[in-house]
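Below is one structure, written out as structure tokens, with a few remarks after it.
Values below: all heavy atoms of this structure, side chains included; hydrogens, waters and symmetry mates excluded. Sequential numbering from 1 along the given sequence is applied to the chain's residues.
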Amino acid sequence: MRRARLSLATPFSQVLDAIAAIPNVKEVTVLCHSIRCFLAFETLRARAMTGRIEAKIRNVLFVAPDVDAEGFRLRLHEMGSARPRFALFVSQDDAALNVSRSLRDGTIRLGGIDPDQEPYRTDFAREKLEVFDLTRLRGRAHSRAFDEVTSVMSMIQERLVGEEQIADRRSPAGISRR
């Protein structure tokens, strides 16, 4: 497994520092899509490994993450308990992730996993990840969360405004929560 080495001086890390330094900002939610989830995850992991995960960074939302599923599982645990909460939006019929998988010698992409299958079901429950299966929603699989803005994004907004965790909310029609 190839490990990327990201410096804490990456532009994304600098943006996180700048936002977290604003006194009026009480909570930061990172929302990313597809391959950008790799950059976000590796940056947050590098920060966590050096004790620099900002307390204001509370939520990380990965939509159709084009990230090595096995590598994610292993490295998530390395981040420890001080990491932000992660929510994954996955779809098993995502053609873009299937192409990515074939280009990466069959490496399973995180956004294309079946959250009911092992080892994901057990590992994600243990790590307290929220996983939303968007497979049954209509629209293009790779951008379903954005195509179904009224369903998915309103659920995210409700979570961010309220005090309850995502798992405590009722799912919009067509979204399976794991």
Open item on the list: The criterion is side-chain hydrogen bond (donor to acceptor under 3.5 Å, both in side chains); which residues satisfy it with Gln117, sequence neighbours excluded?
Closed with: none
Open item on the list: Under the rule for side-chain hydrogen bond (donor to acceptor under 3.5 Å, both in side chains), what residues qualify as partners of Ser81, not counting sequence neighbours?
Closed with: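 So Ser81 forms no side-chain hydrogen bond (donor to acceptor under 3.5 Å, both in side chains) with any residue.
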Task: side-chain contact (heavy atoms from CB on, under 4.5 Å) assessment of Val90 paired with Gln92 - done: CA-CA 7 Å; Val90 302; Gln92 289 91 62; 4.2 Å; yes
TODO: Would you mind listing the cluster partners of Val99? Hydrophobic ones only (ILVMFWY), side-chain contacts under 4.5 Å, chaining allowed.
DONE: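 Under the 4.5 Å side-chain rule, Val99 groups with Leu103.
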Just verifying a value: how many Å separate [X] [atom1] and [Y] [atom2], rounded to the nearest 0.5 Å?
X: Asn59; Y: Leu31; atom1: CG; atom2: CG; answer: 11.0 Å
X: Phe89; Y: Asp94; atom1: CZ; atom2: CG; answer: 14.5 Å
X: Glu70; Y: Leu110; atom1: CD; atom2: CG; answer: 11.0 Å
X: Glu130; Y: Leu88; atom1: CD; atom2: CG; answer: 9.5 Å
X: Arg104; Y: Leu97; atom1: CZ; atom2: CG; answer: 9.5 Å
X: Asp66; Y: Cys37; atom1: CG; atom2: SG; answer: 8.5 Å

Task: Set of salt bridge (charged side-chain N to carboxylate O under 4.0 Å, His left out) partners for Arg83, sequence neighbours left out - done: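 Counting only residues at least two positions away or on another chain, Arg83 forms a salt bridge (charged side-chain N to carboxylate O under 4.0 Å, His left out) with Glu127.
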Where [X] and [Y] come nearest, the two heavy atoms and their spacing:
X: Phe132; Y: Ala87; answer: CE1-CB, 4.2 Å
X: Ser91; Y: Asp133; answer: CA-OD1, 4.2 Å
X: Asp116; Y: Arg121; answer: OD1-NH1, 3.5 Å

Would the distance check show the side chain of [X] and the main-chain N or O of [Y] forming a donor-acceptor pair, the cut-off being under 3.5 Å?
X: Thr43; Y: Leu39; value: yes
X: Arg101; Y: Gly106; value: yes
X: Thr50; Y: Ala46; value: yes
X: Glu27; Y: Arg58; value: no

TODO: Identify which one of Ile53, Val28, Val30, Thr29 satisfies the side chain to side chain contact (heavy atoms under 4.5 Å, CB included) criterion when paired with Pro84.
DONE: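 Only one of Ile53, Val28, Val30, Thr29 forms a side chain to side chain contact (heavy atoms under 4.5 Å, CB included) with Pro84, namely Ile53.
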- [ ] Dump the intermediate steps for side-chain contact (heavy atoms from CB on, under 4.5 Å) on Asn98 and Arg109, then the final yes or no.
- [x] CA-CA 8 Å; Asn98 287 335; Arg109 311 320 291 164; over 6 Å; no
TODO: Check step by step if side chain to side chain donor-acceptor pair (under 3.5 Å) holds for Thr135 and Asp93.
DONE: CA-CA 6 Å; Thr135 303; Asp93 61 346; 4.7 Å; no
Task: All pairs passing ring pair (Phe, Tyr, Trp, His ring centres under 6.0 Å) where residues 93-130 contributes a residue, at least two apart - done: Tyr120-Phe124
- [ ] Answer with yes or no whether the side chains of Thr107 and Asp68 bring together a donor and an acceptor at under 3.5 Å.
- [x]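 There is no such pair between these side chains.
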TODO: Please find out if less than 6.0 Å separates the ring center of Phe72 from that of Phe41.
DONE: yes
Task: Sequence-distant partners of Ala20, side chain to side chain contact (heavy atoms under 4.5 Å, CB included), two or more places apart - done: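 Expected list: Glu54, Lys56.
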- [ ] Would you mind reporting whether Ile57 and Ile19 have side-chain heavy atoms less than 4.5 Å apart?
- [x] no
Task: Side-chain heavy-atom pair Arg47, Leu16 within 4.5 angstrom cut-off - done: yes
TODO: Could you state whether Met49 and Leu74 fall into the same hydrophobic cluster, counting links through intermediate Ile, Leu, Val, Met, Phe, Trp or Tyr residues with side-chain heavy atoms under 4.5 angstrom apart?
DONE: no
Open item on the list: Using the rule given for salt bridge (Lys or Arg N to Asp or Glu O under 4.0 Å), can you reason through Arg75 versus Glu78, listing the C-alpha separation, both sets of side-chain angles and the distance that settles it, and then say yes or no?
Closed with: CA-CA 5 Å; Arg75 291 190 298 263; Glu78 293 173 357; 5.8 Å; no
